[in-house]
Amino acid sequence: MDFDFSDDQKFMKEQARKFLKEQCDSRVARGVLNDPARGYDADLWRRIAGMGWLGIPIAEQHGGLGLGQIALCAIAEEMGRACAPVPFASTVYFFTQAVLLAGSSEQQAALLPAVAAGDLIGAWAVAEGAGVAAPGSALGCRVEGGRLSGVKVPVTDGAIADRLIVLAQEGGQAGLYLVDARGGGVRAETLASLDPTRNVARVTFDGAPAERLGDAGDGWALAQAVLDRAAVLLAFEQVGGTDACLEMAKDYALNRYAFGRVIGGNQAIKHKLADMYVKGELARSNAYFGAWALEEGGAELPLAAAAARIAGSEAYWFAAKENIQTHGGMGFTWEADCHLHYRRSEQLRLVAGAPRLWKERLISQLEQRNAA
Amino acid sequence: MDFKDSPEEAAFRAEARAFLAANARPKGDGAPLAVRSDPATLEAAKAWQRKKAEAGFACITWPKELGGRGGTPIQQVIYAQEEEQFETPPNVFAIGLGMCVPTVMAFADTATKQRFVAPAVRGDEIWCQLFSEPAAGSDVAGLRTRAVRDGDDWVVNGQKVWTSGAHFSDFGILLTRTNPDVPKHKGLTMFWVDMKAPGVEARPIHQMSGDREFNEVYFTDVRIPDSQRLGEVGAGWQVALVTLMNERLAVGTGYGPTPEELMALARALDLGGRPAMADQAFREKLADWYVAAQGLKFTKFRTLTALSRGQTPGPEASIGKIVSANQMQEMSAMALDLADQYGILNDPAEAPFGGLFHRNFMFAPGLRIAGGTDEILRNIIAERVLGLPGDVRVDKDIAFKDLPTGR
């Protein structure tokens with residue numbers, strides 16, 4: 001039994017935590033929060049590229065570190081803890097995973113070195129408005145003669161991305177398409193969002209040159225496969241965020257005096273924090289299984305990803321809202337950092353599909369497994 | 001990150017499996033053994049324990065000279081995982097070997113250890129733990145059973161409660177109050193006691209579930225020689241902490257229905273023209289329970305990993321009972337709900353799974369209380385894991401006899 005990060009991975013995780021503590025305290029997130037037009041913190045992004053983290057899942061032949069998915073999970077947890085205002089998830093959990101999964105060797109050779117070097121911000125453009133499109137349903141984004149037209153919204157990091165991966169329809173078949181966001185025929189406008197520390201845009205395509213990623217007709221299946229991978233990595237961000245909220249709440253409860261003693265001595269607070277801990281551990285254990293399934297890349301992944309996503313979403317949301325409650329009135333101010341996590345927890349809960357969807361997916365998977 | 005055994009672990013697992021295959025029958029191969037404590041079941045339990053002890057699978061982590069194997073915690077867990085797959089008689093030794101005898105080993109003299117440890121390992125003698133009282137549950141240090149010195153003996157009067165297995169136990173460890181004039185934690189003393197001694201009487205408790213699995217134990221002028229004292233006079237609380245620490249090391253198994261059992265039920269039940277399994281509200285709840293059950297399973301794997309690496313497990317193991325007891329209650333309630341008014345019936349001939357869900361429904365309230373209530377467990381997590389302060393203790397500087405007691 002060896003169900004934990006290895007010593008090397010733990011060391012890397014520790015280094016990442018130290019780095020982010022120094023380089024990404026809450027002032028960094030606030031810099032973007034107070035000026036959403038910036039979209040992300042470009043200095044931090046460059047330094048993260050310098051650490052090599054963007055290349056963790058990318059093979060050395062493509063300029064990456066080739067350390068695999070579990071090492072990436074370890075870093076994801078620390079990114080979540082730090083509430084980092086950078087397009088790490090879009091670029092590494094979505095864009096890179098899609099290229100690794102579906103890209104031809106030429107596409108991989110062309111794109112992955114730029115990602116690993118920090119020269120390419122990627123984004124994932126699938127949604128077309130409110131609600132949930134059923135897999136296989138008609139898409140508004142169409143490709144004809146290698147040109148893409150239509151509108152995607154919301155696109156996380158859409159206004160700061162260099163390349164987009166777009167789910168679109170060509171001759172009645174859905175596929176994934178690579179589009180140069182800096183090229184012609186692409187217009188991105190930042191929209192106001194709950195969590196401005198992660199950019200959200202409406203992206204309008206008007207005859208933008210598009211190159212297919214993966215086979216024609218595989219669009220929906222590939223999109224789901226990318227989502228499964230991203231769900232595990234996002235779950236680690238949620239685990240890190242949960243931990244950060246619990247730490248904040250604990251520190252406050254140990255230092256805030258009311259009725260002649262610290263509020264952390266009251267059972268109403270103690271039990272609330274104990275519940276945060278319990279949910280956090282359930283999320284961590286589910287995330288670990290997700291990490292294992294992600295690295296194995298086998299049939300276990302869809303179920304493991306769903307479980308990791310559901311547990312991570314529940315834990316971070318609970319911890320973020322109860323952290324504010326523990327802080328009392330102070331927690332409701334702009335100055336307190338509690339709302340950074342409240343915003344981020346909701347962003348993470350929804351960005352890869354709401355838990356309600358994942359619960360349905362999990363049960364369908366269980367039914368299929370039982371029928372088999 | 002993987003689930004594989006190390007070569008040594010795999011070899012041990014194979015050995016355990018071979019022993020079990022030769023001596024027990026796999027689960028599902030015939031009817032399950034009844035969980036009872038009648039004389040025949042007890043005899044079977046003792047015979048099984050003897051067989052395990054002779055093969056070195058009882059008390060795996062204990063030294064060989066005390067009847068153990070001199071093995072590792074991970075071997076203990078591997079054996080338990082393997083044994084779970086076989087029908088074995090009810091383990092009536094768990095409390096004795098998990099908590100009582102380790103306390104005897106830590107505090108008794110050599111002669112006493114030699115007299116008691118080996119027979120307990122072999123299953124010849126069963127031990128119970130006599131701590132809780134009607135007025136001392138979560139606040140066990142508030143217990144009132146009095147031990148008064150009389151020459152070389154102590155004379156004990158009082159009542160214990162919720163004692164598992166008292167009616168078939170040979171010995172027990174007994175926490176008493178020897179000095180009511182000092183604050184409550186300082187006036188306690190621990191003894192071992194012969195459950196057949198004059199004045200000891202065990203009476204089964206009729207539980208709300210209808211079962212009688214626990215006992216009240218009455219002590220009336222029971223004479224206990226001072227040589228049966230464990231630890232110093234007045235140091236009973238420190239001794240009890242050793243017992244309870246061993247409780248925390250015991251590896252528990254899952255409780256209650258599994259999500260798969262609930263799914264099987266939901267597929268078979270019709271809810272207004274479609275199976276309950278098609279009900280969206282049910283599917284969402286089921287997903288939550290599945291995720292929590294998986295979370296507990298993989299949390300246990302994390303604990304095993306620490307053991308396998310020779311490390312002390314982290315505090316994550318403390319979440320187990322608080323999650324599973326509540327889950328048992330909610331899942332069994334949902335199972336009854338799905339049957340609609342038919343869910344009221346718990347006649348084993350009528351109720352699905354022979355009334356499994358109904359039994360869980362009626363047992364769950366007890367599980368949320370036994371071995372640390374939900375509230376005490378949250379306190380423990382808050383204080384020992386998160387480092388939050390203890391509760392205000394209005395009783396800590398007051399002599400026990402002066403504490404307010406209510407009715």
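Throughout, protein chains are lettered first and strands after them, A, B, ... in sequence-line order, and every chain is numbered starting at 1.
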Within the distance-only criterion (no hydrogens, no angle test), does the side chain of N286(A) pair as donor or acceptor with the backbone N or O of V291(B) below 3.5 angstrom?
yes

Evaluate the criterion side-chain contact (heavy atoms from CB on, under 4.5 Å) for residue pair R302(B) and E281(A); output intermediate values, then yes/no.
CA-CA 10 Å; R302(B) 288 166 56 204; E281(A) 289 305 308; 2.8 Å; yes

Between R284(A) and E316(B), does any side-chain N to carboxylate O distance fall below 4.0 Å?
no

Side chain to side chain, L254(A) and P389(B), heavy atoms closer than 4.5 Å
yes

M1(B) to F3(A) - nearest heavy-atom pair and separation
CG-CD1, 4.0 Å

Quick check: under 4.5 Å, non-hydrogen atoms only, which of residues 268-275 of chain A neighbour chain B?
K270(A), H271(A), L273(A), A274(A), D275(A)

Within a reach of under 6.0 Å around CZ of R13(B), are more than 12 heavy atoms found that belong to other residues, nucleotides or ligands?
yes

Could you state the interatomic distance from CD (Q267(A)) to CZ (R378(B)), rounded to the nearest 0.5 Å?
10.5 Å

Would you mind reporting whether L303(A) and Q294(B) have side-chain heavy atoms less than 4.5 Å apart?
no

So which part of I322(B) gets closer than 4.5 Å to some heavy atom of chain A, the side chain, the backbone, both or neither?
side chain

Would F298(B) and Y288(A) count as a close aromatic pair, with their ring centres under 6.0 Å?
no

N266(A) versus chain B, heavy atoms under 4.5 Å apart: side chain, backbone, both or neither?
neither

What's the spacing between D4(A) CG and L304(B) CG if we round to 0.5 Å?
12.0 Å

Within the structure provided, determine whether F282(B) and I363(A) are in side-chain contact (heavy-atom separation under 4.5 Å).
no

Any side-chain heavy-atom pair of D2(B) and E296(A) under 4.5 Å:
no

Parallel, tilted or perpendicular: ring planes of F3(B) versus W292(A), cut at 30 and 60 degrees
perpendicular

Partners passing side-chain hydrogen bond (donor to acceptor under 3.5 Å, both in side chains) against Q85(B) (at least two apart in sequence or in another chain):
none

Within residues 350-362 of chain A, the residues sitting under 4.5 Å from chain B by heavy atom, in sequence order, are R356(A), K359(A), E360(A), L362(A)

Residue-level interface, residues 310-327 of chain A with chain B, non-hydrogen cut-off under 4.5 Å:
I310(A), A311(A)

Considering all heavy atoms, the nearest Y277(A)-I319(B) contact
CE2-CG2, 3.8 Å

Going by heavy atoms in the side chains, are V77(B) and M1(A) under 4.5 Å from each other?
no

Of the backbone (N, CA, C, O) and the side chain (C-beta and beyond), which part of L366(A) lies under 4.5 Å from a heavy atom of chain B, both, or neither?
both

